[in-house]
Participant: 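My structure is below; once you've seen it, I'll send some questions.
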Amino acid sequence: MVAVRVIPCLDVDAGRVVKGVRFAELRDAGDPVELARVYGEAGADELTFLDVTASSGDRETVHDIVAACAEEVFIPLTVGGGVRSVSDVDRLLRDGADKVSVNTSAVADPQLISDISRHFGNQVLVLSLDARRTRGGETPSGFEVTIRGGREGTSRDAIEWIREAAERGVGEVLLNSIDADGTREGFDLELISAARAAVSVPLIASGGAGRVEHFAPAVRAGADAVLAASVFHYGTLHIDEVKAALAAEGFEVR
(Lines give C-alpha, C1' and ligand atoms only; values in the text may rest on other atoms or scores of the structure.)
Protein backbone atom coordinates (compact mmCIF):
# COMPACT_ATOMS: atom_id res chain seq x y z
CA MET A 1 0.00 0.00 0.00
CA VAL A 2 1.31 3.43 -0.96
CA ALA A 3 1.29 5.91 1.91
CA VAL A 4 -1.51 8.47 1.87
CA ARG A 5 -0.16 11.99 1.42
CA VAL A 6 -1.44 14.91 3.49
CA ILE A 7 -1.10 18.18 1.60
CA PRO A 8 -1.76 21.75 2.79
CA CYS A 9 -2.81 24.18 0.05
CA LEU A 10 -1.79 27.81 -0.21
CA ASP A 11 -4.42 29.70 -2.24
CA VAL A 12 -2.62 32.95 -3.02
CA ASP A 13 -4.11 36.26 -4.15
CA ALA A 14 -2.10 39.50 -4.35
CA GLY A 15 0.76 37.94 -2.42
CA ARG A 16 -1.29 36.68 0.51
CA VAL A 17 -2.83 33.32 1.35
CA VAL A 18 -6.63 33.59 1.23
CA LYS A 19 -9.55 31.27 1.85
CA GLY A 20 -13.29 31.51 1.43
CA VAL A 21 -16.32 29.30 0.96
CA ARG A 22 -17.09 27.91 -2.50
CA PHE A 23 -14.41 30.23 -3.93
CA ALA A 24 -16.17 33.38 -2.66
CA GLU A 25 -15.77 35.88 0.20
CA LEU A 26 -12.01 35.35 0.43
CA ARG A 27 -10.31 36.38 3.66
CA ASP A 28 -6.68 36.68 4.59
CA ALA A 29 -4.97 33.59 6.02
CA GLY A 30 -1.36 34.70 6.22
CA ASP A 31 1.97 35.06 4.47
CA PRO A 32 2.63 32.24 1.97
CA VAL A 33 6.36 32.02 2.64
CA GLU A 34 5.88 31.80 6.40
CA LEU A 35 3.12 29.22 6.04
CA ALA A 36 5.29 27.17 3.68
CA ARG A 37 8.01 27.05 6.32
CA VAL A 38 5.54 26.11 9.06
CA TYR A 39 4.02 23.28 7.02
CA GLY A 40 7.41 21.95 6.03
CA GLU A 41 8.34 21.70 9.71
CA ALA A 42 4.93 20.28 10.67
CA GLY A 43 5.29 17.12 8.61
CA ALA A 44 3.36 17.91 5.45
CA ASP A 45 4.10 15.39 2.71
CA GLU A 46 3.80 17.96 -0.06
CA LEU A 47 2.74 21.57 -0.49
CA THR A 48 0.43 23.00 -3.15
CA PHE A 49 0.62 26.68 -4.16
CA LEU A 50 -2.25 27.98 -6.30
CA ASP A 51 -2.34 31.54 -7.57
CA VAL A 52 -6.14 31.74 -7.54
CA THR A 53 -6.52 34.93 -9.59
CA ALA A 54 -3.75 34.47 -12.18
CA SER A 55 -6.09 32.98 -14.79
CA SER A 56 -9.07 35.23 -14.11
CA GLY A 57 -6.74 38.24 -14.14
CA ASP A 58 -4.93 37.09 -17.29
CA ARG A 59 -1.49 37.31 -15.68
CA GLU A 60 1.40 35.06 -14.77
CA THR A 61 1.95 33.32 -11.45
CA VAL A 62 3.86 35.41 -8.89
CA HIS A 63 7.30 33.94 -9.47
CA ASP A 64 9.14 35.70 -6.67
CA ILE A 65 6.80 34.25 -4.06
CA VAL A 66 7.05 30.79 -5.59
CA ALA A 67 10.84 30.95 -5.43
CA ALA A 68 10.76 32.15 -1.83
CA CYS A 69 8.41 29.32 -0.83
CA ALA A 70 10.62 26.76 -2.58
CA GLU A 71 13.58 27.93 -0.50
CA GLU A 72 11.63 27.27 2.71
CA VAL A 73 10.52 23.69 2.10
CA PHE A 74 12.26 20.40 1.43
CA ILE A 75 9.12 18.55 0.34
CA PRO A 76 7.58 18.42 -3.14
CA LEU A 77 6.03 21.74 -4.18
CA THR A 78 3.24 21.89 -6.76
CA VAL A 79 2.49 25.30 -8.30
CA GLY A 80 -0.49 26.31 -10.41
CA GLY A 81 -2.33 29.37 -11.66
CA GLY A 82 -1.89 31.14 -14.98
CA VAL A 83 0.09 28.32 -16.64
CA ARG A 84 -0.45 28.71 -20.38
CA SER A 85 2.58 27.23 -22.11
CA VAL A 86 5.55 24.89 -21.95
CA SER A 87 7.77 27.88 -21.23
CA ASP A 88 5.59 28.79 -18.21
CA VAL A 89 6.20 25.31 -16.82
CA ASP A 90 9.93 25.60 -17.48
CA ARG A 91 10.09 28.88 -15.56
CA LEU A 92 8.18 27.52 -12.57
CA LEU A 93 10.44 24.48 -12.41
CA ARG A 94 13.41 26.84 -12.44
CA ASP A 95 11.73 28.80 -9.62
CA GLY A 96 11.86 25.62 -7.52
CA ALA A 97 8.54 23.91 -8.22
CA ASP A 98 8.64 20.11 -8.43
CA LYS A 99 5.28 19.81 -10.18
CA VAL A 100 3.07 22.23 -12.08
CA SER A 101 -0.70 22.17 -12.32
CA VAL A 102 -2.83 23.28 -15.25
CA ASN A 103 -6.50 24.16 -15.29
CA THR A 104 -8.12 26.93 -17.35
CA SER A 105 -5.62 26.96 -20.23
CA ALA A 106 -5.72 23.18 -20.56
CA VAL A 107 -9.51 23.23 -20.85
CA ALA A 108 -9.23 25.82 -23.60
CA ASP A 109 -6.47 23.89 -25.37
CA PRO A 110 -6.09 20.24 -24.30
CA GLN A 111 -3.01 19.94 -26.50
CA LEU A 112 -1.20 21.88 -23.76
CA ILE A 113 -1.32 18.75 -21.59
CA SER A 114 0.22 16.65 -24.35
CA ASP A 115 2.94 19.22 -24.99
CA ILE A 116 3.92 19.59 -21.33
CA SER A 117 3.93 15.85 -20.74
CA ARG A 118 6.09 15.28 -23.80
CA HIS A 119 8.62 17.94 -22.76
CA PHE A 120 8.90 17.21 -19.04
CA GLY A 121 7.28 13.82 -18.36
CA ASN A 122 3.94 13.14 -16.71
CA GLN A 123 5.47 13.11 -13.21
CA VAL A 124 5.70 16.91 -13.46
CA LEU A 125 2.12 17.54 -14.57
CA VAL A 126 -1.00 17.82 -12.39
CA LEU A 127 -4.50 18.49 -13.68
CA SER A 128 -6.23 20.89 -11.32
CA LEU A 129 -9.97 20.47 -11.73
CA ASP A 130 -12.59 22.64 -10.05
CA ALA A 131 -15.79 20.62 -10.42
CA ARG A 132 -19.33 21.51 -9.44
CA ARG A 133 -22.57 19.62 -9.49
CA THR A 134 -25.06 20.30 -12.26
CA ARG A 135 -28.82 20.32 -12.12
CA GLY A 136 -31.16 18.65 -14.59
CA GLY A 137 -28.65 16.33 -16.27
CA GLU A 138 -26.55 18.95 -18.06
CA THR A 139 -23.60 16.53 -17.97
CA PRO A 140 -23.56 12.72 -18.00
CA SER A 141 -21.76 12.42 -14.66
CA GLY A 142 -23.64 15.24 -12.94
CA PHE A 143 -20.40 17.21 -12.51
CA GLU A 144 -19.23 20.14 -14.62
CA VAL A 145 -15.75 21.56 -15.27
CA THR A 146 -15.35 25.20 -14.22
CA ILE A 147 -12.52 27.57 -15.13
CA ARG A 148 -10.96 30.87 -14.08
CA GLY A 149 -10.87 29.98 -10.40
CA GLY A 150 -14.38 28.54 -10.43
CA ARG A 151 -15.86 31.73 -11.84
CA GLU A 152 -17.04 30.30 -15.17
CA GLY A 153 -18.91 27.12 -16.06
CA THR A 154 -18.08 25.23 -19.24
CA SER A 155 -20.90 22.66 -19.59
CA ARG A 156 -18.10 20.11 -20.01
CA ASP A 157 -18.42 16.85 -18.13
CA ALA A 158 -15.83 16.69 -15.35
CA ILE A 159 -15.30 12.94 -15.43
CA GLU A 160 -14.93 12.85 -19.20
CA TRP A 161 -12.35 15.65 -18.90
CA ILE A 162 -10.37 13.72 -16.28
CA ARG A 163 -10.33 10.70 -18.57
CA GLU A 164 -9.10 12.74 -21.55
CA ALA A 165 -6.45 14.50 -19.46
CA ALA A 166 -5.11 11.17 -18.20
CA GLU A 167 -4.93 9.86 -21.75
CA ARG A 168 -3.03 13.00 -22.78
CA GLY A 169 -0.44 12.52 -20.05
CA VAL A 170 -1.24 14.18 -16.71
CA GLY A 171 0.52 12.44 -13.85
CA GLU A 172 -2.14 13.07 -11.22
CA VAL A 173 -5.39 14.95 -10.66
CA LEU A 174 -6.12 17.57 -8.02
CA LEU A 175 -9.85 17.10 -7.71
CA ASN A 176 -11.55 20.01 -6.00
CA SER A 177 -15.28 20.13 -5.27
CA ILE A 178 -16.58 23.67 -5.48
CA ASP A 179 -19.78 22.64 -3.72
CA ALA A 180 -17.82 21.36 -0.71
CA ASP A 181 -14.99 23.90 -0.78
CA GLY A 182 -14.63 25.75 2.51
CA THR A 183 -17.80 24.27 4.00
CA ARG A 184 -15.93 21.93 6.38
CA GLU A 185 -18.75 19.41 5.92
CA GLY A 186 -16.64 16.66 4.37
CA PHE A 187 -15.25 15.72 0.97
CA ASP A 188 -17.53 15.01 -1.99
CA LEU A 189 -17.25 11.23 -1.92
CA GLU A 190 -19.44 10.75 -4.98
CA LEU A 191 -17.12 12.94 -7.06
CA ILE A 192 -14.02 11.11 -5.81
CA SER A 193 -15.55 7.70 -6.51
CA ALA A 194 -16.57 8.71 -10.03
CA ALA A 195 -13.07 10.00 -10.80
CA ARG A 196 -11.46 6.86 -9.37
CA ALA A 197 -13.63 4.67 -11.57
CA ALA A 198 -12.56 6.66 -14.63
CA VAL A 199 -8.76 6.82 -14.25
CA SER A 200 -5.87 5.05 -12.56
CA VAL A 201 -3.62 8.09 -12.04
CA PRO A 202 -3.26 9.34 -8.44
CA LEU A 203 -6.11 11.50 -7.16
CA ILE A 204 -5.77 14.33 -4.64
CA ALA A 205 -9.09 14.98 -2.88
CA SER A 206 -9.79 18.64 -2.12
CA GLY A 207 -12.70 20.62 -0.77
CA GLY A 208 -14.72 20.14 2.39
CA ALA A 209 -12.32 18.97 5.11
CA GLY A 210 -13.51 20.06 8.53
CA ARG A 211 -12.76 17.27 11.01
CA VAL A 212 -10.20 14.49 11.23
CA GLU A 213 -13.03 12.02 10.59
CA HIS A 214 -13.49 13.43 7.09
CA PHE A 215 -10.18 12.25 5.64
CA ALA A 216 -10.42 8.45 5.82
CA PRO A 217 -13.70 8.28 3.85
CA ALA A 218 -12.06 10.26 1.04
CA VAL A 219 -9.27 7.69 0.86
CA ARG A 220 -11.76 4.84 0.88
CA ALA A 221 -13.59 6.52 -2.00
CA GLY A 222 -10.40 6.44 -4.06
CA ALA A 223 -8.15 9.35 -3.08
CA ASP A 224 -4.40 8.77 -2.94
CA ALA A 225 -3.82 12.08 -1.15
CA VAL A 226 -5.93 14.50 0.87
CA LEU A 227 -5.61 18.26 0.64
CA ALA A 228 -6.93 20.96 2.96
CA ALA A 229 -6.46 24.66 3.46
CA SER A 230 -8.48 26.65 5.98
CA VAL A 231 -8.53 23.99 8.69
CA PHE A 232 -4.74 24.01 8.65
CA HIS A 233 -4.27 27.76 8.18
CA TYR A 234 -6.47 28.71 11.13
CA GLY A 235 -5.28 25.91 13.41
CA THR A 236 -8.53 23.94 13.49
CA LEU A 237 -6.60 20.80 12.59
CA HIS A 238 -2.93 19.89 12.53
CA ILE A 239 -1.18 17.63 10.07
CA ASP A 240 -0.12 15.13 12.73
CA GLU A 241 -3.75 14.82 13.86
CA VAL A 242 -4.87 13.97 10.34
CA LYS A 243 -2.11 11.41 9.91
CA ALA A 244 -2.93 9.81 13.25
CA ALA A 245 -6.60 9.55 12.28
CA LEU A 246 -5.72 7.95 8.95
CA ALA A 247 -3.34 5.50 10.63
CA ALA A 248 -6.04 4.58 13.13
CA GLU A 249 -8.25 3.63 10.18
CA GLY A 250 -5.59 1.30 8.83
CA PHE A 251 -4.04 3.54 6.17
CA GLU A 252 -0.30 3.87 5.79
CA VAL A 253 1.03 7.38 6.35
CA ARG A 254 4.52 8.83 6.23
Side-chain angles (χ1 to χ4, degrees), residues 1-12 17-19 21 29-50 69-80 96-99 101 123-124 126-129 171-177 180-193 195-196 199-254:
M1 180 184 295
V2 178
V4 177
R5 292 168 287 153
V6 178
I7 306 174
C9 183
L10 306 179
D11 295 309
V12 178
V17 175
V18 295
K19 194 58 191 172
V21 178
D31 175 70
V33 179
E34 174 62 18
L35 283 172
R37 181 188 64 77
V38 168
Y39 289 136
E41 295 174 351
D45 297 307
E46 297 185 10
L47 186 66
T48 294
F49 178 112
L50 299 177
C69 286
E71 290 181 357
E72 292 292 334
V73 297
F74 300 96
I75 54 177
L77 173 65
T78 299
V79 179
D98 298 283
K99 294 183 279 189
S101 72
Q123 75 282 354
V124 163
V126 179
L127 176 72
S128 181
L129 170 60
E172 64 183 344
V173 176
L174 170 53
L175 184 62
N176 188 53
S177 166
D181 181 79
T183 64
R184 302 192 181 188
E185 295 175 355
F187 294 92
D188 190 326
L189 304 182
E190 183 182 353
L191 175 62
I192 297 168
S193 296
R196 178 77 292 154
V199 296
S200 60
V201 298
L203 297 177
I204 304 169
S206 172
R211 303 195 307 272
V212 292
E213 296 85 2
H214 288 154
F215 293 88
V219 179
R220 289 195 194 94
D224 300 277
V226 285
L227 179 147
S230 62
V231 290
F232 292 145
H233 301 337
Y234 301 124
T236 305
L237 298 177
H238 299 280
I239 291 167
D240 56 356
E241 290 181 280
V242 173
K243 289 189 173 186
L246 287 168
E249 293 290 331
F251 297 110
E252 183 178 344
V253 294
R254 297 174 182 173

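Because the structure is a prediction, the values reported are computed rather than measured.
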Participant: What class does the angle between the rings of Phe215 and Phe232 fall in, given that below 30° is parallel, 30 to 60° is tilted and above 60° is perpendicular?
Facilitator: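 Phe215 vs Phe232 ring planes: parallel.
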Participant: Contact between Asp98 and Gln123 at the side-chain level, heavy atoms closer than 4.5 Å - yes or no?
Facilitator: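 In short, these two side chains do not touch, never coming nearer than 4.5 Å.
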Participant: Give me the atom names and distance for the closest heavy-atom approach of Pro32 to Leu10.
Facilitator: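 Minimum heavy-atom separation between Pro32 and Leu10: O-CD1, 3.6 Å.
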Participant: Drop me the distance from Cys69's SG to Asp31's CG, to the nearest 0.5 angstrom.
Facilitator: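 It comes to 7.5 Å.
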Participant: Taking all non-hydrogen atoms of both residues, which atom of Glu72 and which atom of Val33 are closest, and how far apart?
Facilitator: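 Taking every non-hydrogen atom into account, CG-CG1, 3.6 Å.
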Participant: For the residue pair Pro76 and Asp45, what are the closest heavy atoms and their distance?
Facilitator: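 Heavy-atom minimum between the residues: CD-O, 3.4 Å.
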Participant: Nearest 0.5 Å, what's the NE2-CG distance between His214 and Leu189?
Facilitator: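 CG of Leu189 is found 9.0 Å from NE2 of His214.
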Participant: Heavy-atom distance under 4.5 Å between the side chains of Leu174 and Leu50, does that happen here?
Facilitator: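 Side chain of Leu174 against side chain of Leu50, heavy atoms only: contact under 4.5 Å found.
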Participant: I need the Asp11 CG to Asp181 CG distance, nearest 0.5 Å.
Facilitator: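 It comes to 7.5 Å.
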Participant: Can Arg196 and Asp224 be said to form a side-chain contact (heavy atoms from CB on, under 4.5 Å), step by step?
Facilitator: CA-CA 10 Å; Arg196 178 77 292 154; Asp224 300 277; 2.9 Å; yes
Participant: If you round to the nearest 0.5 Å, how far is CG of Asn176 from CG of Leu227?
Facilitator: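 Result: 7.5 Å between the selected atoms.
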Participant: Cut-off 3.5 Å, no hydrogens considered: what does the side-chain donor-acceptor table look like for residues 247-254, sequence neighbours left out?
Facilitator:
unit_1 : atom_1 : unit_2 : atom_2 : d
Glu249 : OE1    : Arg220 : NH2    : 2.4

Participant: Might you point out which heavy atoms bring Val231 and Ala209 nearest each other, and give the distance in Å?
Facilitator: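 Shortest heavy-atom separation between Val231 and Ala209 comes out as CG1-O, 3.3 Å.
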Participant: Please report the shortest heavy-atom distance between Ala205 and Ile192, naming the atom on each side.
Facilitator: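 Ala205 and Ile192 have their closest heavy atoms at CB-CD1, 3.6 Å.
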Participant: Give, for atom CZ of Arg5 and atom CD1 of Ile75, the distance between the pair rounded to the nearest 0.5 Å.
Facilitator: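 The CD1 atom of Ile75 is 11.5 Å from CZ of Arg5, to the nearest 0.5 Å.
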Participant: Side-chain contact test, heavy atoms from C-beta onward, threshold under 4.5 Å: evaluate it for Leu246 versus Val6 and give yes or no.
Facilitator: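 They are in side-chain contact.
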Participant: Does Lys99 reach the main-chain N or O of Glu172 with its side chain, forming a donor-acceptor pair under 3.5 Å?
Facilitator: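 No.
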Participant: Working to the nearest 0.5 Å, report the span between CG of Asp188 and OG of Ser206.
Facilitator: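 One finds 11.5 Å between CG of Asp188 and OG of Ser206.
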Participant: Looking only at heavy atoms, which two atoms of Gly222 and Leu203 are closest? And how far apart?
Facilitator: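 In this case the closest contact between Gly222 and Leu203 is O-CD1, 4.0 Å.
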Participant: Looking at Glu190, is its backbone amide N or carbonyl O close enough to the side chain of Ser193 to form a donor-acceptor pair, meaning the two atoms are under 3.5 Å apart?
Facilitator: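 Side chain of Ser193 to backbone of Glu190, a donor-acceptor pair under 3.5 Å: no, none is there.
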Participant: Using atom types as modelled and distance alone, determine if a side-chain donor or acceptor of His233 lies under 3.5 Å from a backbone N or O of Cys9.
Facilitator: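 The answer is yes, because a donor-acceptor pair under 3.5 Å joins these two groups.
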Participant: Kindly indicate whether the side chain of Tyr39, heavy atoms from C-beta on, has any atom under 4.5 Å from the side chain of Val73.
Facilitator: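 Counting from C-beta outward, Tyr39 and Val73 never come under 4.5 Å.
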